[in-house]
Asker: 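Take a look at the following structure, please.
Order of the sequence lines fixes the chain letters, A, B, ..., with proteins taken first and strands second; residue numbering starts at 1 for each chain. Heavy-atom basis, side chains included; hydrogens, waters and symmetry copies ignored.
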2 protein chains.
Amino acid sequence: MLALTKASGYGILALGYLDDKPEDTVVSTREISEVFGMPSELLAKVLQRLSKRGLLKSHQGRGGGYSLARPINAISLTEVFEAIEGPIEISVCLKEGGEEHCDMFEYCTIKAPIEQVQNRLIELFNTIMVDQITLDLLECPEKTYLSTSRA
Amino acid sequence: MLALTKASGYGILALGYLDDKPEDTVVSTREISEVFGMPSELLAKVLQRLSKRGLLKSHQGRGGGYSLARPINAISLTEVFEAIEGPIEISVCLKEGGEEHCDMFEYCTIKAPIEQVQNRLIELFNTIMVDQITLDLLECPEKTYLSTSRA
DNA sequence: TAATATCGGACAATTTTGCTCGTACTTTAC
DNA sequence: GTAAAGTACGAGCAAAATTGTCCGATATTA
């Protein structure tokens, strides 16, 4: 539970990598995927979503790639997660449309409070900028990387 | 991502149900599972874990069941989640033993910062007590219930 | 026009989660 | 003491999400 997806990890690493380059440098998906050893097709999707959300600028054609649309100290974790994984939802019951409402239970004692928890989670991620994740520790003892947990 | 498991939802609802009863009332797994329409075998596991962690007292034999070991305003979400799902881990890289260290990546720019995010998450859940989830809203408009999200 | 990119959908593999079944073991009631 | 009601626990299956792959289309530059 509450584990970050690999896709989000890829995205954060890519943002950090772009930030290490001079401003407005355009970097291809392949370069990033080779540097970190990520599957390039998956990273490609992640970068697409980030650019769709306006966090990256895409440059098509030969010599193209992606560049930062904003400095990463102005990009919150909330934005990254929602760009890559969609809206942060702790529970489906909180969805707008309500198509998947569960009528199989007698009591609903926790819907609104759970939503409050969700909001506090989002607030927390709002306050954390990507640079706080990527810039702090460039000299890491072990060669290790973000991946999902196994409960 | 970041979705609560149904098991945690079951646990929180069960804790709330027990709290509605007079103090030290013993309630069987079957009663709770029938009230909420949960699969009793799964709920049984959840309650076992909660009692193993000291959040519930188990009463074996005929007429047995579970009772609250503590008032639910003294039980944090962290305790519930860790009892039911194990330690809160955003990433496997942060594990103690380090058996699953990933040596497939060149750079590790985010390990320690990610751990800080994890700690802030745990702190957040430390401050939220179960009663804040269960007691607030007994008059819920729709019959709905906590379940996991679908990204 | 050829090479190199981003796009985007469809799909298989893998992992996690949710759930079921079966079999112990404990205690209470009779 | 025996049976019933309950917890304790583990193996195993099904569903769902995540991850990774493949393929074609489009855009841009050399």
Asker: Please report, rounded to the nearest Å, how far the P atom of D:dG6 is from the CD atom of B:E31.
Answerer: 10 Å

Asker: Would you kindly give the CG-to-C1' distance between A:L43 and D:dT21, to the nearest whole Å?
Answerer: 14 Å

Asker: Mind listing the N/O atom pairs, protein and nucleotides 5-11 of chain C, below 3.5 Å?
Answerer:
from	atom 1	to	atom 2	distance (Å)
C:dA5	O4'	A:G61	O	3.0
C:dT6	OP1	A:T29	N	2.8
C:dT6	OP1	A:T29	OG1	2.8
C:dT6	OP2	A:T29	OG1	3.3
C:dC7	OP1	A:S58	OG	2.6
C:dC7	OP2	A:Y66	OH	2.6
C:dG9	O6	A:K45	NZ	3.2
C:dA10	N6	A:K45	NZ	2.8

Asker: With sequence neighbours left out, write down each residue that passes side-chain contact (heavy atoms from CB on, under 4.5 Å) with A:A7, or none if nothing qualifies.
Answerer: A:T5, A:V46, A:I84

Asker: Just jot down the salt bridge (charged side-chain N to carboxylate O under 4.0 Å, His left out) partners of A:R53, sequence neighbours excluded, or say none.
Answerer: A:E82

Asker: Just the rounded figure in Å: distance from C1' of D:dA17 to CG of A:L4.
Answerer: 15 Å

Asker: Taking CZ from B:F81 and C1' from C:dT17, how many angstroms apart are they, rounded to a whole number?
Answerer: 16 Å

Asker: To the nearest angstrom, how far is B:L50 atom CG from D:dT7 atom P?
Answerer: 13 Å

Asker: Looking at C:dT17, I'd like to know if its phosphate oxygens (OP1 or OP2) sit under 4.0 Å from a side-chain N or O belonging to B:K6.
Answerer: no

Asker: For C:dC19, does OP1 or OP2 lie under 4.0 Å from any side-chain N or O of B:Y10?
Answerer: yes

Asker: Mind checking what makes side-chain contact (heavy atoms from CB on, under 4.5 Å) contact with A:K52, not counting sequence neighbours?
Answerer: none

Asker: Return the set of residues passing side-chain contact (heavy atoms from CB on, under 4.5 Å) with A:K21 (not counting sequence neighbours), or none when no residue passes.
Answerer: A:Y17, A:T25, A:V27, A:E31

Asker: Can you check the B:E85 CD to C:dT15 C1' distance for me, whole Å?
Answerer: 16 Å

Asker: For A:R70, is there an ion pair with A:E79 - N to carboxylate O distance below 4.0 angstrom?
Answerer: yes

Asker: Tell me the interatomic distance from B:L42, atom CG, to D:dA15, atom C1', rounded to whole angstroms.
Answerer: 14 Å

Asker: Whole-Å distance between C:dT23 P and B:E41 CD?
Answerer: 15 Å

Asker: Which residues satisfy the side-chain hydrogen bond (donor to acceptor under 3.5 Å, both in side chains) test with A:T78, sequence neighbours excluded?
Answerer: A:N126

